[in-house]
Amino acid sequence: MSDHPDYDRLSALRADINRHNYAYYVNNESTITDADYDALMRELQHIESDHPEWVSADSPTQRVGAKPDKGFVTVSHPVPMLSLDNAFSDDDLQDFDRRVSERLATFAPDIVETPNTQDLFSDHASVDNSITYCAEPKLDGLAVSLIYENGQLVRAATRGDGATGEDITLNARTLNTIPLSLMGSGWPAFLEVRGEVYMPLAGFDALNNSQREKGEKAYINPRNAASGALRQLDPALTRARPLEFCCYAVGQVTGGTLPKSHWGILDTLGRWGFKTNPETRLVKGSAGCAQYFAQLGEKRAQLPYDIDGVVFKVDDMGLQARLGFVSRAPRWAIAQKFPAQEQTTQLLAVDFQVGRTGAITPVARLAPVFVGGVTVSNATLHNQDEIERLGVGIGDQVIIRRAGDVIPQIVKVATPATPHVPIEFPLDCPICHSSLERVVGEALVRCTAGLYCAAQRKEGLKHFVSRKAMNIDGLGDKLIDTLVDQGLVNGFSDLFRLSKDDLLALERLGEKSADNLLQALEHCKETTFAKFLYSLGIREVGVATARNVAQYFGDLESLYAASIDQLLSVPDVGPIVAEHLFGFLQEQHNQEQIAALLSLGVHWLAPVAATGQPLVGQTWVVTGKLETMTREAAEARLRDKGAQVAGSVSKKTTQVVAGPGAGSKLKKATALEIPVGDEAWLIAFLASLDTDAGI
DNA sequence: CTACCTCGAGCTCA
DNA sequence: CTCGAGGTAG
């Protein structure tokens, strides 16, 4: 480090600015005038421009970086970001509390004794033995994971599907409530902080006012505005949005320890520079939870941000560990949602959609109504039984509910229209007018025309070209509609018979689009047996089943030759799936379609006999960050060699590959004495396999 | 189910 | 500028 006097000044400036930032953005206190603050910033910028070698990523001047020319990169979470179970009533909450207590009592009767914590809602805290929960508002924003290595923010990612999300580091850095380097001391070498990025209501209103002044469109709700802001490609634009980050948990932690209670952890995170929610409280038992929920519900309208419920977590981390997880959610936490918002609107009409399998679904067309943050104008009515249950008719005023779980539903009729106009379920297919059948035991009605029905053809084609199937780029819904409507495409194989002239004749489809599409069609011909099977859209055959079937039979000839019994011996294939598969393959039309596709050049490489692969029967785990390839790529290469790739380490694991940042998995591997290699080792190992194979 | 962002391409008008 | 396609989020 330099002992240059300017350097001392620079360090002092950064510390000062960070302190003022923290006070202002995290604690909502002004500790300096704007003018003085600007002066400090200018002075810092001045020193940094004189000494560019001193500029570091955690300097307050470095919040806005250059705009990346690529989109966002997917990254995996060191520990999956799980979702929470939902409670919709105090009863649900009582059940939750009972499950927690019982489970803890079963395993260790004495552990239920609660730690000595302050209690805000119960007078007899000292005598009861109910569980202590940490209660906090559930902010309505986006879940984000922040990784700090040695106190420096190194990565921010969206939640994504829980296992992998998008790298939004550059955008996250622009939030003043996200520390670039942690304050204080004592933080673990590797710390993952989780929380919510959200837009406070005041900022949202201001943003929308300025949008309107600029003649641009206003955002519909704070959550969407926050979501949009975060996935802005240019960090400067994100910077201009009033976003905040509020932490609520930690993910992976290595190289240090944290307090033994959730409350303590939040408190500690607060001291390291994070914003924590001021409404957070400790409560006891389901009664305490219910009381907190009721009180926050009353306060909700006054809060400066949107919330959609309350989260209760068992406060004691030791108890959390004992409770563990069920599938995708922790047993020690629950989210209680506020009652779903409801609105009344008019049922204008009911359309009947025909799905890929011919299923007829009634869809309610509603007078647009704003409910739960979005404008709802469609809602599914599921089936005839549902229509009868509701007793709903055209023109009725109906109550729409949009629960937190996204899908709007018609709850009931508010005011029936007079006279009642019944919803007539069609007697034949609304598209092709073939007859309908209702399978006994099913609520569904189906069009019997199969591929003779234009709607089913369209849906089948949409499935065929979709990403997980043949993955044909540039063939969207609209184009498929036109192609089928114009009679240019009927079966799958017709796609490959399209000429450039056919395409150029279509509206809004020029030279470039036509070329791109033809190229995509050519490109997709090389596929895999599994994807091909999936693409065909056989009932009940999804990605997983297709893969199993493909692996089991290896090639089309064997599959064609298979009896029902043989189909049944494929993993995860039961009598129903076997029947569908068998029926599909027997049908002459399908055989012709498959033959046509193959003759037009669709092909796949014969899988190298599984037994011939070097890693067959081995289970590998890849963890941590890799430098020269993505983790997914590494896993794919291992699978190519016949290995099973698992997400977690167990006794059965053969080999672990660990990059920097590996945590619990690495620890477990060491504990179980499973061999561990790093990336360089992996590359060398894969290379050795290839040379061996070549000899 | 709806809303948002990004991208490439086509259309329109100067 | 507008459109369609593709992706994300809850």
Side-chain angles (χ1 to χ4, degrees), chain A residues 67-75 81 83-84 86 138-144 157-162 164-168 171 196-199 204 207-208 211 215-235 237-238 241 243 306-309 335 337 340-341 343 353 361 363-366 368-382 400-410 462 465-468 471-483 503-504 506-517 519-520:
Chain A
K67 157 176 170 177
D69 40 28
K70 272 279 163 210
F72 302 106
V73 178
T74 48
V75 290
M81 294 181 81
S83 45
L84 296 180
N86 287 323
K138 190 175 192 309
L139 300 180
D140 196 8
L142 297 92
V144 162
T158 60
R159 178 179 182 284
D161 63 3
T164 58
E166 285 182 319
D167 188 327
I168 51 157
N171 284 340
E196 200 86 351
V197 167
Y198 61 100
M199 191 176 287
F204 173 71
L207 172 65
N208 268 354
Q211 287 287 107
E216 291 173 37
K217 73 171 188 310
Y219 292 93
I220 221 90
N221 62 44
R223 205 204 70 77
N224 284 338
S227 167
L230 218 47
R231 43 191 11 281
Q232 207 73 55
L233 221 44
D234 182 357
L237 293 174
T238 309
R241 301 282 190 267
L243 297 177
D306 272 349
I307 62 175
D308 56 3
K337 298 296 189 70
Q341 298 183 48
Q343 283 295 326
Q353 285 181 347
T361 315
V363 179
R365 306 295 177 197
L366 304 160
V369 60
F370 195 71
V371 49
V374 296
T375 306
V376 171
S377 41
N378 303 306
T380 174
L381 281 164
H382 300 107
I400 301 298
R401 172 188 298 162
R402 186 170 175 273
D405 54 3
V406 174
I407 296 167
Q409 50 181 153
I410 296 183
K462 286 172 192 172
V465 306
S466 67
R467 213 157 144 61
K468 282 183 283 186
N471 190 18
I472 305 175
D473 258 8
L475 242 187
D477 290 5
K478 297 273 177 194
L479 191 47
I480 288 180
D481 283 351
T482 348
L483 288 172
L503 293 172
L504 288 175
L506 301 175
E507 214 144 279
R508 271 199 84 89
L509 209 146
E511 187 85 14
K512 187 72 183 159
S513 303
D515 283 341
N516 286 345
L517 181 53
Q519 208 188 329

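By convention in this document, chain letters (A, B, ...) are assigned in the order of the sequence lines, proteins followed by strands, and residues within each chain are numbered from 1. Small disclaimer: the values here were computed from a predicted structure and weren't measured.
Between A:Asp161 atom CG and C:dA9 atom C1' there is a gap of 12 Å when expressed in whole angstrom units. Atom CZ in A:Arg223 sits roughly 12 Å away from atom P in B:dC5 (whole-Å rounding). Protein atom CD of A:Glu196 is 10 Å distant from nucleotide atom C1' of C:dG10, rounded to whole Å. For the pair A:Gln341 CD and B:dC1 C1', the computed distance is 15 Å after rounding to whole Å. Rounded to whole angstrom, the span from the CD atom of A:Glu166 across to the C1' atom of C:dA9 amounts to 10 Å. Here the P atom of nucleotide B:dC1 and the CD1 atom of A:Ile407 are 7 Å apart, to the nearest Å. Note: CG (A:Leu142) to C1' (C:dT8) measures 9 Å, nearest angstrom. Taking atom CE of residue A:Met199 and atom P of nucleotide B:dC4, one finds them 11 Å apart after rounding to whole Å.
Dashed line: the shortest gap from a side-chain N or O of A:Gln232 to OP1 or OP2 of B:dC4 is not under 4.0 Å. An OP1 or OP2 oxygen of B:dA9 is reached within less than 4.0 angstrom by a side-chain nitrogen or oxygen of A:Asn516. For B:dC5, one of the phosphate oxygens OP1 or OP2 lies less than 4.0 angstrom from a side-chain nitrogen or oxygen of A:Tyr219. Between A:Arg467 and C:dG7 there is a side-chain polar atom (N or O) within less than 4.0 angstrom of OP1 or OP2.
Here A:Lys512 pairs with A:Asn516 under the side chain to side chain contact (heavy atoms under 4.5 Å, CB included) rule; sequence neighbours left out. A:Thr361 pairs by the side chain to side chain contact (heavy atoms under 4.5 Å, CB included) definition with A:Thr380, not counting sequence neighbours. For the side chain to side chain donor-acceptor pair (under 3.5 Å) test, no residue two or more places apart in sequence or in another chain qualifies with A:Glu196. Residues forming a side chain to side chain contact (heavy atoms under 4.5 Å, CB included) with A:Leu233 (at least two apart in sequence, or on another chain): A:Phe72. Partners of A:Tyr198 by ring-ring contact (aromatic ring centres under 6.0 Å, His included), not counting sequence neighbours, listed by chain and number: A:Tyr305. Considering only residues two or more places apart in sequence or on other chains, A:Gln211 meets the side chain to side chain donor-acceptor pair (under 3.5 Å) condition with none of them. Residues that satisfy the side chain to side chain contact (heavy atoms under 4.5 Å, CB included) test with A:Arg401, not counting sequence neighbours, are A:Ala340, A:Glu342, A:Gln409, A:Val411.
The listed nucleotides are B:dC7, B:dA3, C:dG10; the one nearest the side chain of A:Asp140 is C:dG10. Residue A:Lys478 places its side chain closer to C:dA5 than to any other of C:dA9, C:dA5, C:dG6.
Using a 4.0 Å heavy-atom distance criterion, A:Asn221 is classed as making no nucleic acid contact. Looking at heavy-atom distances under 4.0 Å, A:Gly71 makes no contact with the nucleic acid at all. Here A:Leu479 lies in heavy-atom contact (under 4.0 Å) with sugar-phosphate atoms only.
Under the 3.5 Å distance criterion, the side-chain polar atoms of A:Thr158 are left unmatched by any main-chain donor or acceptor of A:Gly165. Of the possible polar contacts, none joining the A:Asp234 side chain to the A:Lys67 backbone as a donor-acceptor pair under 3.5 Å is found. The backbone N or O of A:Ala229 lies less than 3.5 Å from a partner atom in the side chain of A:Thr238, making a donor-acceptor pair.
When each of A:Lys217 and A:Val363 is assigned the nucleotide of DNA chain B bearing its nearest heavy atom, the one mapping closer to the 5' terminus is A:Val363.
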Might you list the N or O atoms of the protein lying below 3.5 Å from N or O atoms in nucleotides 10-14 of chain B, with each pair's distance?
unit_1	atom_1	unit_2	atom_2	d
B:dG10	OP1	A:Gly510	N	2.9
B:dG10	OP1	A:Gly510	O	3.2
B:dG10	OP1	A:Glu511	N	3.4
B:dG10	OP1	A:Lys512	N	3.4
B:dG10	OP1	A:Ser513	N	3.2
B:dG10	OP1	A:Ser513	OG	3.1

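Within residues 368-380 of chain A, no residue places a heavy atom under 4.0 Å from DNA chain C.
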